[in-house]
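Working notes, structure below.
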Amino acid sequence: MLEDITAHAPVPNLSVKLGLYNDIDVSLPLSEICDRAVLAVKSIKHDYKRPYASYDGAVSQQLYKAQMLEARFHSALKNKEFVVWYQPKFEPVHKTLLGAEALVRWKQKDGRIMPPGEFLPVFEKDGLIGQLDAYVFEEVCIFQQFCLSEGIPVLPVSVNLSRSSIFGKDIVERYQKIADQYNVPVSCVPIEITESAFIRSSEVKPVADAFVKAGFELHMDDFGSGRSSLNGLNVLPFSEVKFDKSLIDYIGDAQGDKVLKHTMALMDDLGLRTIAEGVETEAQKEFLIQCGVDGIHGYLFAKPMEESEYLKLLQ
Ligand code: C2E
Ligand code: CA
Ligand code: CA
């Protein structure tokens with residue numbers, strides 16, 4: 001079938017993928033039967049060597065896991081099972097604390113901490129991520145309000161905004177309202193947007209502009225991880241660029257070093273602050289200092305930590 005389809009396709013080099021659902025459970029509605037074939041084909045979406053896949057236990061288990069996560073989402077949100085951890089950010093020469101990034105975790109009933117990689121992709125697909133992002137933002141505002149009221153130094157804590165959240169209805173107004181509710185200046189809660197969101201830069205620009213107009217700082221996350229757009233740097237109102245760990249891992253490689261050095265110099269010239277993410281070694285830190293990096297985020301200095309621990313650090 002595959003050969004036949006490709007041979008007669010009106011496009012050269014067409015890559016066809018098939019999802020198969022055998023042993024059909026006829027009691028299921030037709031839409032679900034089709035969904036299972038679609039699930040099977042999705043499981044090989046990025047596997048260019050496999051032209052077809054069957055719906056099987058593994059696929060259904062994946063689906064089952066996703067459904068379980070979705071089913072538990074609302075009660076988990078209500079019961080505050082999602083907790084915010086803080087990863088400090090430092091100025092590298094004197095190791096002065098610059099602030100932190102808020103990173104979500106899901107605390108399970110048995111105490112296990114589920115990392116975001118296990119649940120965020122599911123919530124990104126089904127759109128629940130918008131509610132989770134807003135929840136994290138609110139928790140960070142509550143934290144900043146606490147620091148303000150207790151006379152603890154208030155340093156910016158950036159929050160991640162997923163690609164789909166950007167296009168949420170009235171996103172800027174909603175975030176502004178949450179910050180106002182806790183009397184937190186929006187400058188204390190910068191927004192991180194991942195580089196890959198800027199492929200649609202013309203659609204993102206009005207939202208980015210509205211955030212900046214409302215007083216928020218925007219940080220470009222994961223810079224250099226994939227489709228970096230220099231054009232984005234021209235037109236979008238960022239104040240900080242976070243270099244992805246994949247670029248930092250190249251430190252020590254002659255070409256990699258040059259890319260990093262010159263890109264950092266370019267950012268500096270553009271008036272953008274630079275942060276290096278995923279710094280794990282002294283050698284990386286030393287090289288980054290030579291490049292004039294403004295801040296470092298990585299296990300070398302600190303891993304993400306619970307709020308109580310971060311509070312101690314601030315104090
Ligand atoms: P990210 O925004 O790029 O966050 C940095 C990730 O790198 C964090 O993983 C952090 O723990 C990890 N990291 C930091 N320093 C090092 C290092 O030196 N070495 C290594 N190997 N890793 C380091 P984490 O916490 O697992 O978060 C993964 C991703 O999940 C985040 O990547 C972010 O994209 C997403 N995420 C986390 N919290 C939220 C949230 O509230 N909303 C949204 N939309 N996404 C979130
Ligand atoms: Ca981030
Ligand atoms: Ca990042």
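Please read all numbers here as calculations on a predicted model, not as lab measurements.
- With hydrophobic clusters built from ILVMFWY side chains whose heavy atoms lie under 4.5 angstrom apart, L300 shares a cluster with L313.
- H297 places a side-chain N or O within 3.5 Å of a backbone atom of Q87 that can act as its donor or acceptor partner.
- F301 has its side chain out of reach of V279: every pair of non-hydrogen atoms, C-beta onward, lies at least 4.5 Å apart.
- A donor-acceptor pair is defined here as one N or O able to donate and one able to accept, closer than 3.5 Å; no such pair exists between the side chain of S165 and the backbone of L161.
- In this structure, L218 is not a member of the same hydrophobic cluster as L98, with clusters built from ILVMFWY side-chain heavy atoms closer than 4.5 Å.
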Stepwise side chain to side chain contact (heavy atoms under 4.5 Å, CB included) check, F287 with L260: CA-CA 10 Å; F287 180 74; L260 207 57; 4.0 Å; yes
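- The side-chain heavy atoms of H74 and L128, taken from C-beta on, include a pair separated by under 4.5 Å.
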Pair V157-E101, side chain to side chain contact (heavy atoms under 4.5 Å, CB included): steps then yes or no: CA-CA 5 Å; V157 174; E101 173 177 13; over 6 Å; no
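- Atom CG of D23 has 12 or fewer heavy atoms from other residues, nucleotides or ligands within 6.0 Å.
- In terms of modelled atom types and a separation under 3.5 Å, the side chain of E91 and the main chain of H94 share a donor-acceptor contact.
- Relative to the ring axis of F223, K242 does not place its NZ or CZ within 45° and under 6.0 Å from the centre.
- For the pair Q176 (side chain) and I178 (backbone), a donor-acceptor distance under 3.5 Å is absent.
- Under a cut-off of 6.0 angstrom, the local environment of OH in Y52 is sparse, with at most 12 non-hydrogen atoms contributed by other residues, nucleotides or ligands.
- For the residue pair E217 and S239, a side-chain donor N or O sits within less than 3.5 Å of a side-chain acceptor on the partner.
- Taking the charged nitrogens against the carboxylate oxygens, K80 and E139 do have a contact shorter than 4.0 Å, which makes a salt bridge.
- The one candidate from Y182, Y86, F137 that meets the ring pair (Phe, Tyr, Trp, His ring centres under 6.0 Å) condition with F143 is Y86.
- In this structure a side-chain-to-backbone donor-acceptor pair under 3.5 Å is missing from E240 to M220.
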Full working for side chain to side chain contact (heavy atoms under 4.5 Å, CB included) between F243 and I275: CA-CA 6 Å; F243 283 68; I275 299 290; over 6 Å; no
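- Ring orientation note: the planes of Y175 and F211 are nearly perpendicular, at an angle over 60° on the 30°/60° scale.
- Residues I171 and V186 share a hydrophobic cluster, clusters being chains of Ile/Leu/Val/Met/Phe/Trp/Tyr side chains in contact below 4.5 Å.
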Test side chain to side chain contact (heavy atoms under 4.5 Å, CB included) applied to M264 and L288, step by step: CA-CA 9 Å; M264 287 226 170; L288 288 160; 3.8 Å; yes
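- Note: H262 NE2 to M267 CE = 13.5 Å, rounded to the nearest 0.5 Å.
- L314 and L155 get closest at one heavy-atom pair: CD2-CD1, 3.8 Å.
- Side chains of Y310 and P88 form a contact here, defined as non-hydrogen atoms less than 4.5 Å apart.
- Taken from OG1 in T194 to CD in E192, the straight-line distance is 9.5 Å, to the nearest 0.5 Å.
- Here the straight-line distance linking atom OH of Y250 with atom CG of D244 works out to 12.0 Å at 0.5 Å rounding.
- Nearest heavy-atom pair, A276 versus I248, reported as atom, atom and distance to 0.1 Å: CB-CD1, 3.6 Å.
- Between the K17 side chain and the R50 main chain, a donor and an acceptor come within less than 3.5 Å of each other.
- A 4.5 Å side-chain heavy-atom check between R174 and K169 finds every atom pair outside the cut-off.
- Note: K245 NZ to D222 CG = 12.5 Å, rounded to the nearest 0.5 Å.
- Checking side-chain atoms of N79 against main-chain N and O of E81 turns up no donor-acceptor pair under 3.5 Å.
- Placement of V136 and V83 in two distinct hydrophobic clusters is found when ILVMFWY residues are connected by side-chain heavy-atom separations under 4.5 Å, directly or transitively.
- The structure places CG of L77 at 12.5 Å from CZ of R72, a figure rounded to the nearest 0.5 Å.
- The pair E309-K312 does not count as a salt bridge, with every side-chain nitrogen at least 4.0 angstrom from each carboxylate oxygen.
- Taking the ring axis of W106 as reference, the NZ or CZ atom of R112 does not stay both within 45° of it and closer than 6.0 Å to the ring centre.
- Around the CD atom of Q315, the shell of radius 6.0 Å holds more than 12 heavy atoms that belong to other residues, nucleotides or ligands.
- In terms of heavy atoms, P92 sits closest to V293 at CG-CG1, 3.8 Å.
- Annotation: side chain of M114 is in contact with side chain of F119 (closest heavy-atom distance under 4.5 Å).
- V140 approaches A102 most closely through the heavy-atom pair CG2-CB, 3.6 Å.
- When all heavy atoms are compared, the tightest approach of G278 to Q284 is O-OE1, 4.1 Å.
- N183 places no side-chain N or O within donor-acceptor distance of the main-chain N or O of Q145, the cut-off being under 3.5 Å.
- Taken to the nearest 0.5 Å, the CG atom of L103 stands 13.5 Å off from the NZ atom of K303.
- With salt bridges taken as basic N to acidic carboxylate O contacts below 4.0 Å, none links E173 and K177.
- M68 and I113 fall into different hydrophobic clusters, where Ile, Leu, Val, Met, Phe, Trp and Tyr are joined by side-chain heavy atoms under 4.5 Å apart, directly or via other members.
- Inter-residue side-chain proximity for E306 and W85 is flagged as met; some heavy-atom pair is nearer than 4.5 Å.
- Between C141 and Q181, every side-chain heavy-atom pair lies at or beyond the 4.5 Å cut-off.
- Between D209 and K205, at least one side-chain nitrogen of the basic residue sits less than 4.0 Å from a carboxylate oxygen of the acidic one, meeting the salt-bridge criterion.
- Of all the heavy atoms in T274 and G292, the pair that sits closest is OG1-O, 4.1 Å.
- Contact check for F167 versus S164: no side-chain heavy atoms found under the 4.5 Å cut-off.
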